[in-house]
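See below for the structure under consideration.
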Amino acid sequence: MSSCVVFVASHPMTIIAFLSPHIRALKKIARVQVIANSNERSLLQQRDMNVPVDFVPIVRPIAPWSDIQALWILYSQFKIDRPRCVHTITPKAGLLGMLAAWLAGVPVRIHSFTGQVWVTRRGLMRWLLKVCDKLIAAMATDVLVDSPSQRNFLIEQGVVSIEHSSVLG
């Protein structure tokens, strides 16, 4: 198994905003790759993160056909590359990336929660989006949350458990 860490996001700007220091540190000890819905392969290189950006069409809205295609691409890539770790951020990338990594047998699967889209929704859509967050957490081996208050909220809502989530710093 390679010592590769793959970050998956809907857009690479999310990676830049939330994970830049982690990528810079990790690339000193492992091969790092970013998968996002972008053809801008040099986007991270322009910000002193010399890691490749691979395009996978992870679109934000619910789009069953596109989502199945993106899931298949992610799964296939994980089966071929056999990364040691997959780290997802953003809801759609989390759902597709965690499912693909889980199916491909990636041993370390991390998801970062940075906000919940379902909080402002009502009815069936709120329930569906919340179930997706629960699935993401269930497929992840580790869950990171961006603040103690958000972690407490996710625990109260039954999305993550105390034992299965943490806040860095």
Side-chain angles (χ1 to χ4, degrees), residues 1-60 67-116 132-148 150-151 154 159-161 163-169:
M1 186 148 318
S2 68
S3 61
C4 178
V5 177
V6 178
F7 291 92
V8 183
S10 300
H11 194 279
M13 288 307 290
T14 305
I15 299 286
I16 292 165
F18 290 97
L19 298 171
S20 297
H22 308 293
I23 290 173
R24 286 188 185 99
L26 278 170
K27 74 178 194 167
K28 294 176 184 175
I29 60 169
R31 188 167 56 90
V32 177
Q33 173 186 1
V34 170
I35 296 174
N37 186 17
S38 173
N39 284 319
E40 286 188 71
R41 296 183 64 82
S42 65
L43 188 63
L44 297 181
Q45 285 95 350
Q46 295 167 3
R47 288 163 177 83
D48 297 324
M49 290 181 282
N50 192 23
V51 298
V53 178
D54 290 331
F55 171 76
V56 173
I58 303 170
V59 296
R60 285 187 63 141
D67 295 343
I68 290 168
Q69 287 178 312
L71 176 65
W72 177 252
I73 293 167
L74 289 167
Y75 169 77
S76 299
Q77 190 162 345
F78 296 158
K79 284 301 275 187
I80 291 166
D81 295 345
R82 300 189 47 79
R84 178 89 179 112
C85 174
V86 169
H87 185 152
T88 60
I89 189 167
T90 68
K92 179 67 77 74
L95 182 62
L96 298 178
M98 282 296 104
L99 180 55
W102 181 77
L103 290 170
V106 175
V108 178
R109 301 175 305 276
I110 303 167
H111 179 74
S112 290
F113 282 103
T114 58
Q116 289 67 53
C132 287
D133 273 359
K134 288 180 180 184
L135 286 171
I136 292 167
M139 290 182 286
T141 58
D142 299 280
V143 173
L144 300 176
V145 187
D146 65 357
S147 71
Q150 182 172 234
R151 179 175 178 250
L154 289 172
V159 174
V160 301
S161 66
E163 306 80 24
H164 194 63
S165 61
S166 57
V167 176
L168 295 179

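The first residue in the sequence is number 1, and the count goes up from there. Just so it is clear, the model here is predicted, and its values are computed rather than measured.
Counting only heavy atoms from C-beta outward, the side chains of V86 and M98 approach each other to under 4.5 Å. Residues M49 and I15 fail the side-chain proximity criterion, which asks for heavy atoms closer than 4.5 Å. S3 has its side chain out of reach of I29: every pair of non-hydrogen atoms, C-beta onward, lies at least 4.5 Å apart. Proximity of F18 to L144: side-chain heavy atoms (C-beta onward) are nowhere separated by under 4.5 Å. Counting only heavy atoms from C-beta outward, the side chains of R84 and P107 approach each other to under 4.5 Å. Looking only at side-chain heavy atoms (C-beta outward), F7 and I89 stay at 4.5 Å or farther from each other. Within the 4.5 Å cutoff, no side-chain heavy atoms of H164 are placed close to those of V160.
In plain terms, the two heavy atoms of V106 and P83 that are nearest each other are CG1-O, 3.7 Å. Residues I110 and C85 approach most closely at CD1-SG, 3.8 Å, considering heavy atoms. Of all heavy-atom pairs spanning K79 and R82, the tightest one is O-CG, 3.3 Å. Considering all non-hydrogen atoms of both residues, S161 and S165 come closest at O-OG, 2.7 Å. In plain terms, the two heavy atoms of P52 and V32 that are nearest each other are CD-O, 3.5 Å. Smallest separation of non-hydrogen atoms from Q77 and V56: OE1-CG2, 4.5 Å.
Side chain of H87 to main chain of V5: no donor-acceptor pair is present (N/O by atom type, distance under 3.5 Å, no hydrogens or angles). Of the possible donor and acceptor atoms, one in the side chain of H111 sits under 3.5 Å from a partner among the backbone N and O of T88. Remark: side-chain polar atoms of Q150 are paired, donor with acceptor, to backbone N or O of F113 under 3.5 angstrom.
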Would you sort out whether L74 and L71 count as a side-chain contact (heavy atoms from CB on, under 4.5 Å), showing the intermediate values? CA-CA 5 Å; L74 289 167; L71 176 65; 5.6 Å; no
What do the steps show when you test S10 against R60 for side-chain hydrogen bond (donor to acceptor under 3.5 Å, both in side chains), and what is the final call? CA-CA 7 Å; S10 300; R60 285 187 63 141; over 6 Å; no
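Between Q33 atom CD and D54 atom CG the span is 4.5 Å, to the nearest 0.5 Å. Atoms CD1 and OG, from I136 and S112 in turn, are 11.0 Å apart once rounded to the nearest 0.5 Å. Of the inter-residue distances, the one linking D81 atom CG with S76 atom OG reads 10.5 Å to the nearest 0.5 angstrom. Atom CD1 of I35 and atom CD1 of I73 lie 10.0 Å apart (nearest 0.5 Å).
Checked against V34 for a side chain to side chain contact (heavy atoms under 4.5 Å, CB included), the options I16, V6, I23, V8 give a single hit: I23.
Annotation: salt bridge (charged side-chain N to carboxylate O under 4.0 Å, His left out) contacts involving residues 88-109, sequence neighbours excluded, comprise D67-K92.
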